[in-house]
Amino acid sequence: MEQVIAYLIALAITFPFVITLTLYYGVKYFVKNKKRAIHLSMEYSAIFYVIATVYIFQETFNQQIIGVLILTLLITLLLFIILQWMLIGDIIIKRVWQLYLRTLFLIFFPLNITVIILTILLSLKS
């Protein structure tokens with residue numbers, strides 16, 4: 001049972017596309033609204049794209065970027081909170097978190113694809 005869970009976690013980190021599609025169809029089954037299903041699947045799978053990108057980057061270039069990444073992510077979250085406070089006045093944590101996760105998805109989805117392509121190109125060159 002432990003190995004099955006370990007394999008599922010490894011699959012989720014290695015192939016976040018599969019998780020996004022699975023989440024989309026699962027949420028779409030319950031929500032029945034395509035736009036809402038897309039948004040929820042983006043929010044829920046954003047963390048997998050972050051982890052996958054960091055892991056692939058570390059394996060390809062042998063550099064630890066986790067410290068800088070965590071600092072950058074925390075500063076970005078702080079900026080989202082400050083922006084909502086300045087624009088709206090009230091801080092609604094649920095809305096800040098939704099926007100933050102969607103932004104992470106929009107940043108790390110193409111970054112993940114770019115790192116994968118770069119890794120493939122570097123392995124073909126060697």
Side-chain angles (χ1 to χ4, degrees):
M1 184 65 182
E2 293 173 3
Q3 284 186 338
V4 172
I5 293 172
Y7 286 137
L8 288 175
I9 292 171
L11 176 76
I13 291 172
T14 308
F15 301 110
F17 309 110
V18 175
I19 297 302
T20 304
L21 287 175
T22 306
L23 282 172
Y24 170 72
Y25 287 115
V27 170
K28 186 180 171 194
Y29 179 77
F30 291 108
V31 174
K32 305 288 189 220
N33 184 349
K34 284 176 111 174
K35 186 176 178 182
R36 180 88 172 125
I38 289 171
H39 285 188
L40 287 175
S41 64
M42 282 174 40
E43 291 169 15
Y44 295 148
S45 66
I47 191 69
F48 293 111
Y49 284 97
V50 173
I51 294 170
T53 304
V54 168
Y55 181 74
I56 292 170
F57 189 86
Q58 286 178 354
E59 288 298 315
T60 304
F61 299 109
N62 275 343
Q63 291 187 356
Q64 298 292 329
I65 61 167
I66 194 74
V68 175
L69 180 71
I70 289 174
L71 184 64
T72 305
L73 292 177
L74 287 174
I75 290 171
T76 307
L77 181 61
L78 180 64
L79 287 174
F80 272 93
I81 292 171
I82 290 171
L83 278 173
Q84 186 174 22
W85 172 66
M86 290 174 69
L87 294 175
I88 298 173
D90 292 334
I91 299 173
I92 304 167
I93 297 296
K94 182 180 178 184
R95 183 67 181 148
V96 169
W97 190 246
Q98 284 177 339
L99 292 173
Y100 180 67
L101 288 177
R102 289 178 191 172
T103 304
L104 283 182
F105 181 84
L106 291 174
I107 291 170
F108 281 94
F109 177 74
L111 189 62
N112 189 5
I113 293 172
T114 305
V115 171
I116 289 172
I117 291 171
L118 189 61
T119 303
I120 292 170
L121 291 176
L122 287 175
S123 68
L124 290 176
K125 186 178 180 183
S126 307

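All residue numbers refer to positions in the sequence shown, counting from 1. Quick note: numbers below take in every heavy atom, side chains included, and nothing from hydrogens, waters or symmetry partners.
- The closest side-chain heavy-atom distance from Leu118 to Thr60 is not below 4.5 Å.
- Looking at Lys34 and Tyr24, their side chains come closer than 4.5 Å, going by heavy atoms from C-beta outward.
- Placement of Ile107 and Ile75 in two distinct hydrophobic clusters is found when ILVMFWY residues are connected by side-chain heavy-atom separations under 4.5 Å, directly or transitively.
- From Ile56, atom CD1 reaches atom CD of Gln58 across 11.0 Å, with rounding to the nearest 0.5 Å.
- Placement of Leu78 and Ile93 within a single hydrophobic cluster is found when ILVMFWY residues are connected by side-chain heavy-atom separations under 4.5 Å, directly or transitively.
- The closest side-chain heavy-atom distance from Tyr49 to Leu111 is not below 4.5 Å.
- Within 6.0 Å of CZ on Phe61 lie more than 12 heavy atoms contributed by other residues, nucleotides or ligands.
- Side-chain heavy atoms closer than 4.5 Å link hydrophobic residues (I, L, V, M, F, W, Y) into clusters, and following such links, even through other members, never connects Val18 to Val115.
- Looking at residues two or more places apart in sequence or on another chain, you find a side-chain hydrogen bond (donor to acceptor under 3.5 Å, both in side chains) between Ser45 and Thr20.
- Shown here is Lys94, whose NZ atom has no more than 12 heavy atoms of other residues, nucleotides or ligands within 6.0 Å.
- Under the 30°/60° scheme for interplanar angles, the aromatic rings of Phe109 and Phe105 are found to lie parallel.
- Val50 and Ile13 fall into different hydrophobic clusters, where Ile, Leu, Val, Met, Phe, Trp and Tyr residues are linked whenever their side-chain heavy atoms come under 4.5 Å apart, directly or through other members.
- Between atom OG1 of residue Thr22 and atom CZ of residue Phe17 there is a gap of 13.0 Å, rounded to the nearest 0.5 Å.
- The OG1 atom of Thr119 lies 11.0 Å from the CG atom of Leu124; values are rounded to the nearest 0.5 Å.
- For Tyr44, the OH atom counts as loosely surrounded, since its 6.0 Å shell holds 12 or fewer non-hydrogen atoms of other residues, nucleotides or ligands.
- Phe15 is not connected to Ile113 by any chain of hydrophobic side-chain contacts under 4.5 Å among Ile, Leu, Val, Met, Phe, Trp and Tyr, and they are in different clusters.
- The 12-atom threshold is exceeded at CZ of Arg102, counting heavy atoms of other residues, nucleotides or ligands nearer than 6.0 Å.
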Apply the test side-chain contact (heavy atoms from CB on, under 4.5 Å) to residues Leu23 and Leu40: give CA-CA distance (whole Å), side-chain angles for both, the deciding distance (0.1 Å), then the verdict.
-> CA-CA 8 Å; Leu23 282 172; Leu40 287 175; over 6 Å; no
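- Residues Val31 and Arg36 share a closest heavy-atom pair of CG1-CG, 3.6 Å.
- In this structure, OG1 on Thr14 lies 11.0 Å from CZ on Phe48, to the nearest 0.5 angstrom.
- Nearest heavy-atom pair across Tyr100 and Leu73 is OH-O, 2.8 Å.
- To the nearest 0.5 Å, atoms CG (Leu21) and OG (Ser41) are separated by 8.0 Å.
- One finds the CG atom of Leu79 at 11.0 Å from the OG1 atom of Thr103 (value rounded to the nearest 0.5 Å).
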